[in-house]
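Some notes on the structure that comes next.
Chain A is the first sequence line, chain B the second, and so forth, proteins listed ahead of strands; every chain is numbered from 1.
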Amino acid sequence: MSRLEYNPLNIVICGIGGQGNVLASELVSSTMNDLGYKVAVGETYGAAQRGGSVMSHVRVSETYDMGVLIPYGEAHFIIGFEPLETLRLARKYASKKTRIIYDPRPVYPQGVLAGRQVYPDLMKMKEEIRSLSAQAVEVPAADIALSCGDPRTANIALLGAFSRLEGAPLSSQELIDVLRQRFKGDVLAMNEKVFDMGCKAMDGKEDD
Amino acid sequence: MEWTTTIDAPGKVCLMQGNEAIVRGAVEAGINFAASYPGSPSSQILDMLGKIAEERGFYAQWAANEVCAMEACIGTSLANARSICIVKQNGLLCCADALHCGAQHGVKGGMVIVTSDDPSAHSSTNEFDSRFMAESADLPMLEPTCAQEAKDLVPYAFELSEKLRQIVIIRLTTRICHGRGNVVLGPLPQKPHQLETVSEWERLTCVSYRHIPMLKTLEDFREAFEVCSYNSYEGPEKADKLIAAAGTGVLYAREALRRLNVQDQVGLLTLASIWPLPEKTILKYLRNAKEVLVAEEVDPFLERNLQAIAGKNQLTIKFTGRGDGALPRVGELMPDYLMSAVSNLIGRPLPEKEEEQEAPLLERELNFCAGCPHRATFYLLKKALKRSCTKPGVVIGDIGCYIMSGQEAGHYAYQACNCMGSGINLAEGLGQLHRFGMDQPVVTMCGDSTFFHAALPGLVNASYYHSNMLFMVLDNSATAMTGFQPHPGTGITALGHKVEPMSIRAICESMGCQVTEADPFDTEGTLKILEDLLSQKGLRVLIMKQACATLMSKRHRAKRRVYVDQTKCIGDGCGCDRFCARVWGCPGNSWDYKNNKAVIDPVSCVGCGVCADLCPAGAIQVEGGDENEQA
């Protein structure tokens, strides 16, 4: 009967300031609230505008009042906007139960561009992300968003893909309904298109 | 979302941020007056109050600073207004005098102060525990554990404030402010609280003989808190192992008890009334306890006070918590800290974690946003100091986005940075030492919002006493760091009304200062001005005018396209050695590792085009847009 595979169900969303992390967590969490669930969301965005790492914790339950932070190793889903950030949080929050969906496009830290730091090897990071989880799916969310004309909608592409993951607590249709409540006109059309492409990117990978 | 704060639907369950829940609580309490100065993590509260103020029939103000905000609230209380003042931890410290005097005379109309502490200093320079201010001022303080309580405590605080004629403080922490949770809405009042005529013999005066009545009031609050329904206990009837928790600690502790399946062995005492402590209620549980774990944010405030209660009553109890290292002494609480501490409490310590095998991942350094005028300012300042001064410059920082100039982003610009508004005073002192032979150039700065907040008396001082220094006002037309709140220089109010903006230049000139203006995006011209000013003596004021890049990109999306002509880029090695990516360091200037040439990241770039002026090979091109376009 329950749509929640775990109680509470824990979702980590991670990326870099300005990528739309907070909106993504807000869309998921308010949908779950409207469906009648208990929800707790923790946002860490001290330096959101300024290139720092940001993360959101979304927790859903039928029974428990929860703190806004997820304990280590207890994430059931990780939605990552960037590979380094995905790995950073997979190391803390993932377990063999965790399903991860992430954009493999690196966003280089300033120290890397300046030559003071070295960005980790992408292939090795992908391997580690896979080894830390039950399932790890790459979705080119930023590329999808750019191809549709607005790089800020990468979060919506990732949400589309997320809604197609096994065990996702809400359906594509439920998320589309929320998008229709939030946006209008051209912005809505763009978001719907990006969302759909995110869904399709996931559907094509179901046999990974 | 503003609709959640004003919708008349008692019983409806909304998902709300803690800050938003405070707004809803204030609306349900029928406030008349709200004032604040922006400070993370609670800036959003007055942002939202301002948007709904006129609809709900109250007044909301972004005050010039926290002291103005708090004292204005005290003033309105005399006319029986219900007022709410919102500050962050550092703002509360600014208000120390007003707070202590206010406590001594009390209030008439209810007055609630919401203060937000920032454990782990996510968006602050330091950690501070506001509870010490409540204790010091003899004022009552409440602390919610979740968004629902954040809302509910506001009307409760107003009722107590009016009944006992005293200011009530609500303490939030970052996880409560920025967290979201389900909130059941309460009823809205038909109209705001009733104002009253101030009669000739009414008094709110801070005089020493009010000290004893003030302490009596504190005891009245203690009595009220003995029956406060937000304090609670769960667990076995007589628990020899007890957790006493407040704020975020409550839910972390409850989850740890559940995961370890020891809810029937360990008691959990939740305290929403954090000062004064309800001693009788607490003693009821302490009398059975042999060991008490205290879960709280920032300092071992509760731990020490529970120790005092136990000591006073000759109880032998082992207390653990932040004070003895059972929980970390600094930084915010985390669920896993409680798991470990509760495991130790029940004598089943968790297995030692294996040392992590993997190499640690690189951290992302903070950086100015793409197109931020501060990047140009500090690049030019450093260059000018090197070119025009024989001795190294002494640069003093201040609080705002430009605090990041102390890091790589600003070429490690400054040697000292204290609290908000302190830069001009630190520099003023240094600028007096020339009489003893100190001949290094002294430079300090503040943003436009900080200028109004706390720099004005400092500027009076520096001008009157002829300090030898350069004072830069980095005017980016916003209180940028906290989310673009208006200030007296912007010509906008919290209610969204247009008013006459105050001219920073005119204020400086009225104080007898010599003022120059420059645009940091005009790199050549500004460098010349800086070199010229640095070679002069006396007090010099330089206003750097260029709007915040994020603010600009919010106002108009149509922007200029900046790109790299890779045939012109000389790139690595013996060329410019990657000037744009390595030295300039804007997030928009990325590197094409495949071709080993510069590239512009179209996702980050906001189209300011400054890098095009600075590129030594002229490889960066700007296309379209009006260069002088300004909103």
- Among A:His57, A:Glu128, A:Glu85, who wins on heavy-atom pairs under 4.5 Å with chain B? A:Glu85
- Task: Decide, yes or no, whether a salt bridge links A:Arg152 with A:Asp150 under the criterion of side-chain N to carboxylate O below 4.0 Å.
- Result: yes
- Message: Looking only at the side chains, is there a donor atom on one of A:Arg182 and A:Ser30 sitting less than 3.5 Å from an acceptor on the other?
- Response: yes
- Cut-off 4.5 Å, heavy atoms of chain B, and the answer for A:Val112 is both
- Task: Report the option among A:Leu146, A:Leu69, A:Asp34 that has the most heavy-atom pairs separated by less than 4.5 Å from atoms of chain B.
- Result: A:Leu69
- Task: Under 4.5 Å heavy-atom distance to chain A, tell me which part of B:Ser40 shows up: side chain, backbone, both or neither.
- Result: neither
- Item | Check: B:Leu338 and B:Glu255 side chains under 4.5 Å, non-hydrogen atoms | no
- Message: Heavy-atom cut-off 4.5 Å, strictly under: side chain, backbone, both or neither for A:Leu87 against chain B?
- Response: both
- Message: Taking the basic N atoms (NZ, or NE/NH1/NH2) and the acidic carboxylate oxygens, is any pair closer than 4.0 Å for B:Arg254 and B:Glu234?
- Response: yes
- Would you call the rings of A:His76 and A:Tyr6 parallel, tilted or perpendicular, where under 30° means parallel and over 60° means perpendicular? parallel
- Query: Where on B:Asp118 is there a heavy atom nearer than 4.5 Å to chain A: the side chain, the backbone, both, or neither?
  - Reply: neither
- Options A:Ser29, A:Ala114, A:Ala154, ranked by heavy-atom pairs under 4.5 Å with chain B, top entry: A:Ala114
- Message: Over 60° means perpendicular and under 30° means parallel, so tell me whether B:Phe378 and B:Phe368 are parallel, tilted or perpendicular.
- Response: parallel
- Part of A:Pro109 within contact of chain B (heavy atom distance under 4.5 Å): both
- Query: Under a 4.5 Å heavy-atom cutoff, which of A:Lys38, A:Met32, A:Met66, A:Gln110 has the most pairs with chain B?
  - Reply: A:Gln110
- Message: Under a 4.0 Å threshold between the charged nitrogen and the carboxylate oxygen, would B:Glu365 count as salt-bridged to A:Arg116?
- Response: yes
- Message: Taking every non-hydrogen pair under 4.5 Å, which of A:Ile70, A:Asp65, A:Leu84 racks up the most with chain B?
- Response: A:Leu84
- Message: Please classify the contact between B:Gln17 and chain A as side chain, backbone, both or neither, with a heavy-atom cut-off of under 4.5 Å.
- Response: side chain
- B:Cys177 versus chain A, heavy atoms under 4.5 Å apart: side chain, backbone, both or neither? neither
